[in-house]
Protein chains: 2
Amino acid sequence: MTRTNLGEGDRTVPKRTGPGAGGDASTVRDVAARAGVSASTVSRVLGGTYPVAAATRARVLRAMRELDYVVNAHARALGGATNKTVAFVVDDVTGPFYAHIARGVEEQAAAEGRLCMLCTTHGDPQRVLAVVETMREQRADAVIVVGGAWDDKAYHQRMTHFAHALDRAGSRLVLVGRPPLGPGVPATVVDYDNEGGAFAMTTHLLSGGHRRIAYLGRISGLSTSSQRIRGFTRAHELLGLAPDPELIMDGAFTRSYGYRAAHALLASGREFTAVFAATDMIAAGVVQALREAGRRIPDDIAVAGYDDIPLAKDVHPALTTVNVPQEELGRSAVRLALHRTELADSQHLVLGTHVVLRDSTRRPGD
Amino acid sequence: MTRTNLGEGDRTVPKRTGPGAGGDASTVRDVAARAGVSASTVSRVLGGTYPVAAATRARVLRAMRELDYVVNAHARALGGATNKTVAFVVDDVTGPFYAHIARGVEEQAAAEGRLCMLCTTHGDPQRVLAVVETMREQRADAVIVVGGAWDDKAYHQRMTHFAHALDRAGSRLVLVGRPPLGPGVPATVVDYDNEGGAFAMTTHLLSGGHRRIAYLGRISGLSTSSQRIRGFTRAHELLGLAPDPELIMDGAFTRSYGYRAAHALLASGREFTAVFAATDMIAAGVVQALREAGRRIPDDIAVAGYDDIPLAKDVHPALTTVNVPQEELGRSAVRLALHRTELADSQHLVLGTHVVLRDSTRRPGD
DNA sequence: CTGAAAGCGCTAACAA
DNA sequence: TTGTTAGCGCTTTCAG
């Protein structure tokens, strides 16, 4: 409450250069002085990787404790090239899908002795570019960018440029859930089988007897979307069928979009017996809309999602969905970025996906 | 695919000191040389806050572009005291509650021109301590710690120590959703009205005619819990009632705990007409268990949660809960840490909470 | 085993 | 308006 300006009584308070000022942390030299050694010796104790007499080391350690010394990470980073930092660039931490990838990234980073910088871009390509640039300034060991890529020429070029720039600086660009930038571009890609998942799910629905399946999601611009659509279409074709273009609805990856689209679909009078939502979030909106309209799930209409976020289990009925190994994506991203001895300069890892069967597509009798 | 080792053709590739090596970014001096000026001039162009002849500036800017120059954030931070960085320490980004606070922190940090470092501690007090120490090394402008505090003497002392150490270094410790460390400790506290929310919710249930309300949550050790219990109890006392200790179940803040506890409660044969879950996560588990047991919500048993995470709307029936302004908590934390001119050294901000009425407690006829 | 000296890349006096 | 000179705190040769 009241400030004790009487001071002096405080233990372990290091030298106060000027009165009142902040930013007066103690340095190696302070420690050295107190321990009666040179700065280099203190540094050697800090590093640990050098022979120092036990007695000396003890004196130094004590001095450090007494002065409450902590190294200055910046000074340290200035000498060496790296900051022991991994940057994580994502649209929005609030989405469970990204949050789980973030967890994987953070955990692996911690396991590898790296700190994790988090930046969000709110779906703005310009901000992605800006943020990656900032990470170059920070000399991050790796820059991990998650989320759909934009089909924009200039954007693509800038990212390619960053990939080269980071590479030159001994760092690494990692793209998670995005298509590669192209051959020869030094970037690691960690992806999951988007098309395969969509294919498997569509096959599951078709084999359940569904013939008119609505697809709800964001169609254009995002690479993720086109892959899922391709799987959706391919599954149809394998049975000599073709999806009805009228049932493919373009929108956003949000709950509210699913809600609105489902209502619109019902209002349109178009027939359909199943909905394949491009994300679980969309599916949750769909479920709500169908329930409000008095349609039973899965009896009247089956609903399937994509991603397998925790929400899928909370929706009622529980959502059949495509599992994406989110945490593993994050972990792999860090691991590959930090140890890229193995493969060539352009690594490309694709993790598997699989259908998780729950109640929202269960046929009566199953 | 194949590396073009023919090189030399590459435009804008800066000087390569040794062959093959990484970490050869260009520096102010490189730029200066190329632009035919001194390093200071380049620095002035970088800073912007200093008169430089238009022609000179143009030459410098061009040189920077040609060399693909980016400042070294560490070198810059070494001069000044700060890294323009805010640290965010949290149990687990995967929880929606924390994720939303994280979003607030990240957004406000970005708005204030700060980068955001993310660290997770997985409920381990030791890791909190370690992480805060690391953030001291990073010279973060602010260290924001979120989540329940532990009633541990040594832990408390260490945190108090860090508060002083950070303060001395011109930085700031911010505690979000935790009790203050004590008077005179230079830390900012951003909290929300835990007790008030629990009180309001309990009052709501009592006024709905419920007399035997079960409370499920983590009771011991965490400050958050005891405050909520206090509100729960106080609401009873106001009506001359007292909660039945048999209905207060100690566990964890997880979905699976809610699920297990609800089943156990039913199996125990104890009577109750409402469940007040300490978090929405717990409530989700409770809802599932009750549904499995064939109890109707809210007709047989009413369920209420706490936090108002998005999940509350997805559960069926939608969850009555206590809204906590998560993003605002995060934003306030950053804002207060960065501009703490106003109040005394020990700031304490308490944000309000309020009951959000949904279906899970709706009485027939409401 | 320890100290002295140089320098990482940048900024900020102090001159010119 | 611009250049010169000194460090910021640490690591790291190179001597001793």
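Quick note on labels: first sequence line is chain A, next is B, and so on, each numbered from 1. Heavy atoms only: backbone and side chains are in, while hydrogens, waters and symmetry mates are out.
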*Between Ala75(B) and Ala53(B), which has a closest nucleotide on DNA chain D that is more 5'?*
Ala53(B)
*Sole candidate of Val143(A), Val86(A), Asp167(A) that passes side chain to side chain contact (heavy atoms under 4.5 Å, CB included) when paired with Arg172(A)*: Asp167(A)
With the side chain of [X] defined as its heavy atoms from C-beta on, choose the nearest nucleotide among [options].
X: Leu46(A); options: dT2(C), dG9(D), dT11(D); answer: dT11(D)
X: Tyr69(B); options: dC10(C), dT11(D), dC1(C); answer: dC10(C)
X: Ser38(B); options: dT11(C), dT12(D), dG3(D); answer: dG3(D)
X: Ser40(B); options: dT5(D), dT1(D), dC10(C); answer: dT5(D)
X: Val28(B); options: dT1(D), dC1(C), dG9(C); answer: dG9(C)
X: Arg29(B); options: dG9(D), dC10(C), dT2(D); answer: dC10(C)

Length of the [atom1]-[atom2] vector between [X] and [N], whole Å:
X: Lys84(B); N: dC10(C); atom1: NZ; atom2: C1'; value: 16 Å
X: Arg44(A); N: dT12(D); atom1: CZ; atom2: P; value: 11 Å
X: Gln138(B); N: dC10(D); atom1: CD; atom2: P; value: 13 Å
X: His74(A); N: dG7(D); atom1: NE2; atom2: C1'; value: 17 Å
X: Asn72(A); N: dC8(D); atom1: CG; atom2: P; value: 12 Å
X: Arg59(B); N: dT2(D); atom1: CZ; atom2: C1'; value: 11 Å
X: Arg139(A); N: dG9(C); atom1: CZ; atom2: P; value: 8 Å
X: Leu78(A); N: dC10(D); atom1: CG; atom2: P; value: 12 Å

*Counting only N and O atoms by type, is there a donor-acceptor contact under 3.5 Å from the side chain of Thr27(A) to the main-chain atoms of Arg29(A)?*
yes
*State whether a side-chain donor-acceptor pair under 3.5 Å links His161(B) with Asp68(A).*
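Indeed, the side chains of His161(B) and Asp68(A) share at least one donor-acceptor pair under 3.5 Å.
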*asked:* Could you check whether Lys84(A) pairs with Asp141(A) (Lys NZ or Arg NE/NH1/NH2 to Asp/Glu carboxylate O, under 4.0 Å)?
replied: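 Not counted as a salt bridge, because no side-chain N and carboxylate O are separated by less than 4.0 Å.
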Determine: side-chain N/O of [X] to OP1/OP2 of [N], distance under 4.0 Å, yes or no.
X: Thr27(A); N: dG9(D); answer: no
X: Arg76(A); N: dG9(D); answer: no
X: Thr41(B); N: dG3(D); answer: yes

*Step by step, work out the side-chain hydrogen bond (donor to acceptor under 3.5 Å, both in side chains) result for Arg139(A) and Ser171(A).*
CA-CA 8 Å; Arg139(A) 300 299 190 265; Ser171(A) 178; over 6 Å; no
*Base, sugar-phosphate, or nothing: which does Val71(B) touch, judged by heavy atoms less than 4.0 Å apart?*
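Result for Val71(B) = sugar-phosphate.
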*With sugar-phosphate meaning primed atoms plus P, OP1 and OP2, does Val37(B) contact a base, only sugar-phosphate, or nothing at under 4.0 Å between heavy atoms?*
sugar-phosphate
